[in-house]
2 protein chains.
Amino acid sequence: MSMNERKLKILQAIIRDFVDTAEPVGSRTLSKKFDLGVSPATIRNEMSDLEDMGFLTHPHTSAGRVPSEKAYRLYVNELMNKKDLTDDQKNAIAHELYDNVTELDQTIEHAAHILSKITNLTAFAMTPNEELETIKFIQFLPVDENTVVLMIVSENGKVQNNAVRVSFEYDDEMLRILSKSMTFDYKGKTISEALTGDIITSFKSDIEAMNGLTSSLMPNFMKTLEKMLDANLYMDGLTNIFNIPEYNDLDRAKMFMELINKKEDFKKKLISRDDGMIITIGTENQDEDMNDVSLITATYRVDGKLVGKLGVIGPTRMRYDNVTSVIDFITDNLSKTFKLTGGDGQDDDEPDDKY
Amino acid sequence: MSMNERKLKILQAIIRDFVDTAEPVGSRTLSKKFDLGVSPATIRNEMSDLEDMGFLTHPHTSAGRVPSEKAYRLYVNELMNKKDLTDDQKNAIAHELYDNVTELDQTIEHAAHILSKITNLTAFAMTPNEELETIKFIQFLPVDENTVVLMIVSENGKVQNNAVRVSFEYDDEMLRILSKSMTFDYKGKTISEALTGDIITSFKSDIEAMNGLTSSLMPNFMKTLEKMLDANLYMDGLTNIFNIPEYNDLDRAKMFMELINKKEDFKKKLISRDDGMIITIGTENQDEDMNDVSLITATYRVDGKLVGKLGVIGPTRMRYDNVTSVIDFITDNLSKTFKLTGGDGQDDDEPDDKY
DNA sequence: GTTAGCACTCGGGATAAAAGAGTGCTAACA
DNA sequence: TGTTAGCACTCTTTTATCCCGAGTGCTAAC
């Protein structure tokens with residue numbers, strides 16, 4: 001008993017049918033719906049073999065067959081052919097992606113929206129991880145006698161700020177010195193480097209003179225760096241799960257909702273995934289709470305350097321071919337768009353596929 | 001047939017029981033659980049009267065009675081007695097509210113978290129509406145030859161910024177002039193005033209000289225003001241609804257999820273509500289999609305001036321007494337905390353109930 | 001190796017009966 | 001006259017039973 005052309009064809013047909021209908025598929029239905037050139041009995045024999053090989057399972061003796069995770073894996077790796085989107089679809093996506101939008105964050109939010117709309121799944125998109133972003137300058141600005149605004153600007157024009165309460169009596173000159181000295185120290189360093197903190201402080205004597213001030217500012221500086229590092233995660237189509245037969249069960253629907261509503265946890269899961277298009281099916285997911293869903297993530301690039309992620313989460317029974325095609329198109333499109341602009345998305349150059 | 005003491009007592013008992021059990025309550029159960037001093041038969045007669053008066057309904061002839069919206073309204077207005085929280089509860093709340101937190105936004109987020117945790121409902125909290133916030137200064141900072149960072153700082157130390165792409169060739173001096181002139185024009189104005197835009201520009205000649213620069217900066221200035229105005233809405237306990245028997249029905253659960261996942265719409269609904277503790281029960285809610293939930297909102301004050309909102313959304317069958325007590329405590333606590341600090345929450349003075 | 005035929009399996013839907021909770025009415029009681 | 005016990009009646013919920021249909025697996029013939 002070994003894999004052959006016919007078995008593959010039958011397996012493919014079973015997966016296609018099951019993905020469409022969510023019903024276990026039997027030999028007779030299969031032979032009627034697909035032109036396989038053999039009788040139901042033959043299909044039955046092959047199905048039995050496929051089951052022995054671990055590609056199919058049986059909810060109960062008198063039911064049809066259901067593809068196993070192993071089958072989906074085979075399908076994703078070998079059987080599925082990604083289809084190119086039609087020009088209409090491409091235009092619609094590009095249009096919605098950039099419609100009335102000038103900022104990266106908003107574009108990413110739109111990406112999640114579109115992706116969920118097209119796939120009817122729960123989609124997400126994350127702004128770039130700024131680990132490799134370099135600091136351009138640091139500035140402290142006076143607000144009132146006990147408030148200072150701390151501002152960090154990155155090479156890409158990303159800004160993060162924080163209003164800091166200080167008890168130390170300061171004057172504008174101190175802030176200017178501090179701004180200058182810290183910019184000198186940190187300019188060109190990545191945010192990660194800045195956070196690890198082994199940066200040698202120059203202008204020591206200047207700084208020490210206002211020790212009280214720096215001691216209240218430094219913790220906030222670190223906090224602001226962390227905020228800068230933090231990626232935004234946008235999700236859309238959270239209630240799509242209710243339309244999926246597998247989740248007609250309240251407990252499962254609840255579990256799913258809890259999973260995707262823990263946004264911080266989910267973000268961590270996404271960040272820890274490898275770059276490129278990654279598909280994890282059911283128990284292939286490390287986390288137990290994702291053992292009955294499939295997660296697809298892909299990366300887009302900003303300036304060919306920083307990476308953001310987007311993708312979908314849904315039942316293992318999903319149209320992997322369609323979904324991956326759409327994700328491919330969107331990530332390509334985003335990467336092209338953010339190639340020239342340095343990350344704020346306010347691009348005067350049209351991306352290749354825009355309109 | 002008119003309302004009397006005994007009817008009220010019975011109605012109250014019915015509401016208490018139904019809120020606890022979610023089951024229609026019958027005369028016998030009622031007389032067993034509550035010491036009403038009369039027999040089930042008498043209770044039956046009174047219940048029948050209460051039904052005629054519109055306070056009770058009947059799912060079907062042979063079922064117990066269920067309180068109507070009118071009953072809840074009466075309960076909320078007259079029958080319910082807010083209980084003070086125990087000191088333990090108060091401490092627990094205050095502790096969680098300020099634990100390791102220095103920023104207003106985070107405190108507000110914690111407030112939503114706590115509120116949902118205690119009430120087992122979906123809770124939300126919104127940062128203050130900044131309409132009345134006044135501008136302190138405006139600053140443009142150079143990033144590179146075609147990027148300028150625009151920063152607006154409010155009197156309270158709130159900061160909003162935006163990286164703007166400019167095609168006009170500028171130098172640092174221009175930005176300094178522009179910053180100065182705009183600060184002169186806008187300082188002391190509220191954000192709303194700034195947005196309506198009938199502010200007379202001084203330094204006309206200076207500005208006109210760099211028309212190309214200002215024309216690309218002004219739209220972004222407005223956009224940044226709008227961003228500053230926009231309140232953040234935090235929600236927590238979104239999946240609590242699954243634990244509520246009324247929502248053991250997938251369609252209802254889905255409707256609820258859709259309602260609270262449209263965050264922008266929900267924010268608008270919250271903003272449009274009056275100040276103070278507002279309870280709207282079922283069809284008292286204007287929106288049709290909230291006709292079978294109750295919404296409770298309350299306001300907290302920052303500096304006695306700005307107001308933020310928080311509250312819960314859940315089934316009309318909820319423990320109005322407990323929920324309102326907790327909300328009362330949290331809003332009072334927040335208002336006290338933000339009285340002295342000017343809104344960033346980094347307060348050295350302990351609020352009354354802290355720890 | 002493929003296919004037709006057939007007995008067998010099992011879940012799901014339909015139907016019926018029984019159980020249970022509660023009402024509403026009547027008549028007796030204080 | 002208000003209160004209460006008693007009881008028939010109502011209606012949902014639960015349980016049991018049956019039957020149908022889709023599908024399998026095996027056997028024997030092609």
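Residue numbering restarts at 1 for every chain, and letters A, B, ... go by the order of the sequence lines. When reading the values below, keep in mind they use all heavy atoms of this one structure, side chains included, and skip hydrogens, waters and symmetry mates.
Residue A/Thr29 has a polar side-chain atom (N or O) positioned under 4.0 Å from OP1 or OP2 of D/dG23. Within the 4.0 Å cut-off from OP1 or OP2 of C/dC8, not a single side-chain nitrogen or oxygen of A/Ser62 is found.
Listed by first and then second residue, the ring pair (Phe, Tyr, Trp, His ring centres under 6.0 Å) pairs involving residues 251-270 of chain A are A/Phe124-A/Phe266, A/Tyr247-A/Phe256 (not counting sequence neighbours).
Among the atoms of the strands shown, only primed sugar atoms or phosphate atoms (P, OP1, OP2) are found under 4.0 Å from some heavy atom of A/Arg65.
With a 3.5 Å ceiling on both atom-pair distances, the Watson-Crick or G-U wobble partner of C/dA28 is D/dT3.
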| said: If you apply the rule side chain to side chain contact (heavy atoms under 4.5 Å, CB included), what do you find for B/Arg317 with B/Tyr72, and how did you get there? | reply: CA-CA 8 Å; B/Arg317 178 188 66 82; B/Tyr72 288 126; 3.5 Å; yes
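Counting non-hydrogen atoms of neighbouring residues, nucleotides and ligands closer than 6.0 angstrom, the NZ atom of B/Lys117 reaches no more than 12 such neighbours. Few gaps surround CG on B/Asn77; more than 12 heavy atoms of other groups in view lie less than 6.0 Å from it.
When each of A/Asp321, A/Asp328, A/Asn322, A/Thr324 is tested with A/Lys82 by the rule side-chain hydrogen bond (donor to acceptor under 3.5 Å, both in side chains), just one qualifies, namely A/Asp328.
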| field | Protein proximity profile, nucleotides 3-9 of chain D - base contact B, sugar-phosphate-only contact S, no contact -, cut-off 4.0 Å on heavy atoms | value | SBBB---
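Relative to the ring axis of A/Phe242, B/Lys254 does not place its NZ or CZ within 45° and under 6.0 Å from the centre.
One can place CG of B/Leu30 at 10 Å from P of C/dT23, the figure rounded to the nearest angstrom. Look at CE on B/Met47: it is 9 Å from P on C/dG24, rounded to the nearest Å. One atom, CD of B/Glu23, and another, C1' of D/dT13, lie 11 Å apart when rounded to the nearest Å. If you take CZ of A/Arg28 and P of D/dT24, they are 11 Å apart, rounded to a whole angstrom. Between A/Lys33 atom NZ and D/dA22 atom P the separation is 13 Å, expressed in whole Å. Between the CG atom of A/Asp49 and the P atom of C/dT2 there is a distance of 11 Å, rounded to whole Å. For the pair B/Phe18 CZ and C/dG22 C1', the interatomic distance rounds to 16 Å; values are reported in whole Å.
In this structure, B/His60 and A/Val25 both approach DNA chain D, and ranking their closest nucleotides by distance from the 5' end singles out B/His60.
In the set C/dG11, D/dT24, D/dT10, D/dT10 carries the atom at the smallest distance from any side-chain atom of B/Thr61.
Note that CD of B/Gln89 and CD1 of B/Ile118 are 6.5 Å apart. Values are rounded to the nearest 0.5 Å.
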